[in-house]
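Notes follow once the structure below has been shown.
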Amino acid sequence: MLMVQKQKVEDKKRDLEKDVNVSDVADFEPPRWIFCFRLMDQNVVVGYPSNPEGRSGSCRNVAVERPWGMKMQSQTSLVRTFGKREAEQSCLALLQACNTFEKLTQVHAHLLKSGLQNNLLVLTKFASTSSDLNAINYASRILLSPEVDTPLYDTFLYNTIVRAYAQTGDYKGRAVLVYNFMRECGVLPNKFTYPFVLKACAGIGDLNLGKSVHGSVLKFGFDNDVHVQNTMVHMYCCCEGNVEMARKVFDEMPKDDSVTWSAMIGGYARLGLSADAIGLFRKMQTVGVRPDEITMISVLSACTDLGALELGKWVESYIQKEKVQKSVELCNALIDMFAKCGDIDRALNLFTNMNERTIVSWTSVIVGLAMHGRGLETISLFEEMIEAGMVPDYVVFIGLLSACSHSGLVDKGKRYFDSMAEKYGILPKIKHYGCMVDLLCRAGLVKEALEFVQNMPMEPNQIILRTLINACRAHGELKLGESITEQLIRNEPMDESSYVLLSNIYAKMLQWEKKTKIREEMDEQGMRKIPGSTMIEIDNEMYEFVAGDKSHKEHKEIFEMMDEMGREMKRAGYAASTSEVMLDINEEDKEDALNRHSEKIAIAFALLKTPPGTPIRLVKNLRVCADCHSATKFISKIYNREIVVRDRNRFHYFKDGLCSCKDFW
DNA sequence: GTAGGGTTAG
């Protein structure tokens, strides 16, 4: 008679929806050994199926409860009836049925009152499955209290708490504390403890603890456990400056699997060592380890970083061919890759054909469109997203605001910024303020931008100050720029980019002595300007050029090509924009310096290496300079080539002497 | 009860 049909439960659930307490319990998804639970005169009955051996088909009431006015069988009688494990499971069922921390404490108090003492197994299990920090704290407080004696489950219990904290966003440090406490109590870690605590170390970048855990792993001989070592690789990759150590662990592992390779490839990719990531992926294939979906996501992220569209396309076909499972996340990575490697239409195409989209899918296309300067499309896509019932998060607003900024949509940007808090309840973070400063600065509203910064609820960061300084330089507010830069250098005296900014301002003010002094100071401190570089992919190989680069074996031919380009451009009416050159040299030398920019070298190389009419794709590490921008426009017309340039923050499509950015960048 | 992944202003 306790065989309640599913339909009946559903009906009851619906009837009782108004009653918060009961429906909370009814929402509970029962573990598999509990086959039914039903609501009977407002009592909750947890029923068991026939036991695994197939004895007795009847179910017994293990816990009968009037909503939150508890009437429980005592633990001893539960144990007598069902054995220890089942008794614990029934407690767990009740605790899991609490979907709020408040309910948890209530139920736990009742359990204690009914003689079901501190059931640590149940509590820690609850904490580990809960994302509620309060629940984890509550359980760990009990576990760590001195009067608790946990002879049976020592390591397991600690593992559970360490794991729960390791999975939190901001409290991974507590996982480390619990681990330390566990060691102090003389509880030995096992092979499951290490991945948890290493993950926490990785999350907070605690290299010292990571190393000491590594020592402990060696001491107890867990260094032949592939799971432990995989997390070790991950940990070293996440702790700054220790890729070499990660690689050492990786190289010395007696056996590895796709996870090991993913950890190492992903580590390289996250650190921006994209060429290493791709190289290791190629090695992985020669070794014969089958890459999985997650490997492919890391590889795609490396392609995205390099702007390696051809390689990215190859990865896509590889995914098809090898039938790698195409999850939403993998699709998102593909969309991001195509968008950032310059094939935004392919990205849009993939996006439209997805049957399930997450906020990340939307964000990827929105950011992609923003990078391509397609501001109005970005906005309509955002509106479409809202209509589709997606809840916007703070990341998508960064994409949206930067779209407004790249397309000069000042009023729209301001409106969306205000709507964040008003309409969507998202408090703008410093990055959103940064977007707004950028928006105002690009539109030439330097004074308004300054006012905006002064009225911000937080202190401006270095990025915002730099945006202001660049705007001051571009719009002739040199004195103001100088004073902000000096402030910037006082804040962070060891950052070379501030010195570069200041020296650029002095160049523009024609104050060569001050500029030389800055350069000397930089030399004294051993600082160097980041050299501008341009990358190009030809026949699946990436080539990188810096200004005046003669490292390529065909540099003679390349420079001849550049001379020819220069002659053709002059004939077509090109004049070098020497005002951007920040060197104290004469006009002729300035022109020469411009001609040797890495972008022009890469274009000359591409003209030599690719058949007429094929598009040229370039990836720069800095923003494209005014002279290269103008020169590239000329070249696109003279040589009848589509030239796609991804610079530090957006795409430029050069065709027939025009650029898609409409000279606004 | 075990590991590994993606989106973020200049």
Side-chain angles (χ1 to χ4, degrees), chain A residues 121 124-125 128-129 153 155-157 159-160 162-164 166 190-196 198-199 202 222 225-235 237-238 256-267 269-270 291-302 304 327-337 339-340 358-368 370-371 393-406 413 428-439 441-442 461-471 497 501 622-623 647-650:
Chain A
L121 177 70
T124 48
K125 265 199 173 172
S128 70
T129 50
Y153 304 112
T155 303
F156 175 77
L157 289 174
N159 283 355
T160 322
V162 172
R163 174 183 174 218
N190 64 12
K191 64 172 179 173
F192 298 112
T193 319
Y194 294 112
F196 297 143
L198 284 169
K199 198 175 171 184
F222 286 112
D225 183 292
V226 69
H227 293 124
V228 171
Q229 292 294 73
N230 285 346
T231 350
M232 194 75 75
V233 170
H234 176 66
M235 183 276 292
C237 283
C238 290
D256 53 49
D257 58 13
S258 72
V259 179
T260 323
W261 290 80
S262 293
M264 199 63 227
I265 293 172
R270 264 197 316 281
D292 64 9
E293 179 203 339
I294 297 189
T295 326
M296 299 322 281
I297 290 174
S298 290
V299 173
L300 280 171
S301 141
T304 309
S327 63
V328 188
E329 289 78 10
L330 185 53
C331 272
N332 292 345
L334 276 169
I335 290 174
D336 186 49
M337 183 276 292
K340 289 195 179 146
T358 63
I359 184 75
V360 178
S361 325
W362 288 92
T363 306
S364 299
V365 270
I366 284 177
V367 169
M371 278 184 85
D393 64 359
Y394 78 100
V395 183
V396 79
F397 273 105
I398 294 172
L400 185 63
L401 294 176
S402 75
C404 295
S405 172
H406 288 310
K429 298 189 182 192
I430 194 144
K431 293 191 177 193
H432 302 103
Y433 283 95
C435 289
M436 291 310 285
V437 175
D438 190 50
L439 176 83
C441 285
R442 275 172 203 271
N461 60 12
Q462 310 297 86
I463 295 161
I464 290 179
L465 291 180
R466 267 177 228 140
T467 309
L468 276 177
I469 295 163
N470 270 325
S497 61
L501 277 178
L622 304 174
R623 273 171 61 175
D647 78 7
R648 220 183 137 125
N649 40 334
R650 64 164 296 153

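What's counted below: heavy atoms across the whole structure, side chains too, no hydrogens, waters or symmetry copies. Throughout, protein chains are lettered first and strands after them, A, B, ... in sequence-line order, and every chain is numbered starting at 1. Small disclaimer: the values here were computed from a predicted structure and weren't measured.
- When heavy atoms are screened at a 4.0 angstrom cut-off, Lys429(A) is found touching no nucleic acid atom at all.
- For DNA chain B, the outermost nucleotides in 5' to 3' order that have an atom under 4.0 Å from a heavy atom of chain A are dG1(B) to dG10(B).
- Between Ser262(A) and Asp292(A), the shortest heavy-atom distance links the atoms OG-OD1, 3.8 Å.
- The closest side-chain donor-acceptor pair between Ser364(A) and Asn332(A), if any, does not fall under 3.5 angstrom.
- In this structure, Lys429(A) is positioned above the aromatic face of Tyr394(A), its NZ or CZ under 6.0 Å from the six-membered ring centre and within 45° of the axis.
- Considering CD1 of Ile464(A) and CD1 of Ile430(A), their distance stands at 4.5 Å, rounded to 0.5 Å.
- Within 4.0 Å (heavy atoms only), Lys431(A) reaches at least one base atom of the nucleic acid.
- Across all strands, Asn332(A) comes closer than 4.0 Å to base atoms (heavy-atom distances).
- Residue contacts for Thr295(A): at a heavy-atom cut-off of 4.0 Å it reaches no nucleic acid atom on any strand shown.
- Looking at every heavy atom in both residues, Val367(A) comes nearest to Lys340(A) through CG1-CE, 4.4 Å.
- For Arg466(A), the salt bridge (charged side-chain N to carboxylate O under 4.0 Å, His left out) partners at least two apart in sequence or on another chain are Asp495(A).
- For the residue pair Asp438(A) and Ser405(A), a side-chain donor N or O sits within less than 3.5 Å of a side-chain acceptor on the partner.
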Dot-bracket for DNA chain B, please. Rules: Watson-Crick or G-U, both distances under 3.5 Å, ( ) within the strand, [ ] when a pair crosses earlier ones, | for another strand, . otherwise. ..........
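- Counting any heavy atom pair closer than 4.0 Å across all strands shown, Asp257(A) reaches a base atom.
- If you check every strand for non-hydrogen atoms under 4.0 Å, Asp292(A) touches a base.
- Within the 4.0 angstrom heavy-atom criterion, no nucleotide atom of any strand lies near Leu300(A).
- Contact annotation for Gln462(A): no contact, since no heavy-atom pair falls under 4.0 Å across all strands.
- Note that CZ of Arg163(A) is 7.5 Å distant from OG1 of Thr160(A), once rounded to the nearest 0.5 Å.
- Between Ala166(A) and Phe196(A), the shortest heavy-atom contact is CB-O, 3.6 Å.
- In this structure, Asp256(A) reaches neither bases nor backbone, as no heavy-atom distance under 4.0 Å exists between it and the strands shown.
- If you check every strand for non-hydrogen atoms under 4.0 Å, Tyr433(A) touches nothing.
- Counting non-hydrogen atoms under 4.0 angstrom, Thr358(A) reaches a base of the nucleic acid.
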